[in-house]
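Numbers here simply count residues along the sequence, with the first being 1. Just so it is clear, the values below take in all heavy atoms, side chains as well, and ignore hydrogens, waters and symmetry mates.
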Amino acid sequence: MCNLMQRTTTSSAPPQRAARLRPANPLDAEAIADIHNQYVDSGPYTMESRHWQAIDVKHDLEHFDDRAGFLVAEDTDGTALGWAKIRPYSDREGYRHACEVSTYIDRGSCGQGIGDSLVPEQLKLARRMGYRHAT
């Protein structure tokens, strides 16, 4: 969710940051909310207009079924660098193969390849969940 409009092209490759990807758990709730809130505060980069609280994220994590989930990208010291969310687009039967995806990268980690690692894994997980379309 880094601002792609502000990216610049350089002749050298951007620095890559090692990140481990894993399913999110309730202990990640505060970091997930904090990263999301960076984008609520900084402009029109999210469809949400309110801050998330850790309790909101914990609720989602505890109530997700096999058709929804969060992934977290973390640094070697366990610091969350970004996250990706998958959930059904609609509960209507005609949308059973469509999911909504969200990907957010900590503003301080933008341009370091975190999204390049996170998004493909997010889409692989969505396919394993039975989705054919992501929006």
Side-chain angles (χ1 to χ4, degrees):
M1 196 69 164
C2 296
N3 183 358
L4 297 178
M5 301 302 288
Q6 293 179 352
R7 280 196 173 177
T8 59
T9 305
T10 62
S11 58
S12 62
Q16 298 297 301
R17 189 168 188 179
R20 183 174 79 97
L21 307 180
R22 61 172 176 75
N25 65 61
L27 296 175
D28 298 312
E30 187 171 336
I32 289 169
D34 288 345
I35 292 169
H36 172 268
N37 294 340
Q38 293 172 15
Y39 290 89
V40 172
D41 290 342
S42 65
Y45 306 113
T46 177
M47 299 300 283
E48 297 266 352
S49 60
R50 70 172 186 85
H51 280 171
W52 285 0
Q53 304 296 319
I55 193 74
D56 302 321
V57 178
K58 283 181 185 176
H59 180 268
D60 278 354
L61 288 167
E62 291 167 355
H63 291 91
F64 277 172
D65 58 17
D66 60 347
R67 301 273 294 160
F70 271 105
L71 293 174
V72 170
E74 68 180 6
D75 207 343
T76 55
D77 66 0
T79 301
L81 303 173
W83 58 266
K85 182 178 180 180
I86 303 164
R87 68 179 187 172
Y89 180 76
S90 171
D91 59 359
R92 294 169 56 195
E93 181 64 19
Y95 290 102
R96 69 187 173 279
H97 297 295
C99 66
E100 177 182 341
V101 295
S102 302
T103 308
Y104 289 77
I105 308 302
D106 180 81
R107 300 287 285 190
S109 299
C110 287
Q112 298 177 22
I114 305 304
D116 293 338
S117 299
L118 196 52
V119 171
E121 290 304 313
Q122 176 187 34
L123 295 176
K124 285 180 195 174
L125 179 58
R127 279 191 293 276
R128 286 195 303 269
M129 291 176 170
Y131 293 114
R132 296 183 191 149
H133 307 279
T135 186

Asker: If you look only at pairs with a residue in residues 62-73, which of them pass as a side-chain hydrogen bond (donor to acceptor under 3.5 Å, both in side chains), with sequence neighbours excluded?
Answerer: His59-His63
Asker: Applying side chain to side chain contact (heavy atoms under 4.5 Å, CB included), can you list everything that pairs with Ala19, at least two apart in sequence or on another chain?
Answerer: Ala73, Leu81, Ile114
Asker: Give, for atom CZ of Arg107 and atom OG of Ser42, the distance between the pair rounded to the nearest 0.5 Å.
Answerer: 4.0 Å
Asker: Which residues pass the salt bridge (Lys or Arg N to Asp or Glu O under 4.0 Å) test with Glu74, sequence neighbours left out?
Answerer: Arg20, Arg22
Asker: Just to verify, what does Val119 make a side chain to side chain contact (heavy atoms under 4.5 Å, CB included) with, not counting sequence neighbours?
Answerer: Thr103, Gln122, Leu123
Asker: With Asp91, which residues qualify under side chain to side chain contact (heavy atoms under 4.5 Å, CB included), at least two apart?
Answerer: none
Asker: For Glu121, check salt bridge (Lys or Arg N to Asp or Glu O under 4.0 Å) against everything at least two apart and list the hits.
Answerer: Lys124
Asker: Can you tell me which residue pairs pass the ring pair (Phe, Tyr, Trp, His ring centres under 6.0 Å) test with a partner in residues 110-135, sequence neighbours excluded?
Answerer: none
Asker: Test of understanding: with salt bridge (Lys or Arg N to Asp or Glu O under 4.0 Å), list the residues that count as partners of Arg50, not counting sequence neighbours.
Answerer: Asp56
Asker: Which residues pass the salt bridge (Lys or Arg N to Asp or Glu O under 4.0 Å) test with Arg127, not counting sequence neighbours?
Answerer: none
Asker: For His97, check side chain to side chain donor-acceptor pair (under 3.5 Å) against everything at least two apart and list the hits.
Answerer: none
Asker: Keeping to residues at least two apart or across chains, list the ring pair (Phe, Tyr, Trp, His ring centres under 6.0 Å) pairs with something in residues 68-87.
Answerer: Trp52-Trp83, Phe64-Phe70, Phe70-Trp83, Trp83-Tyr104
Asker: Please enumerate all residues that pass side chain to side chain donor-acceptor pair (under 3.5 Å) together with Thr79, with sequence neighbours excluded.
Answerer: Asp77
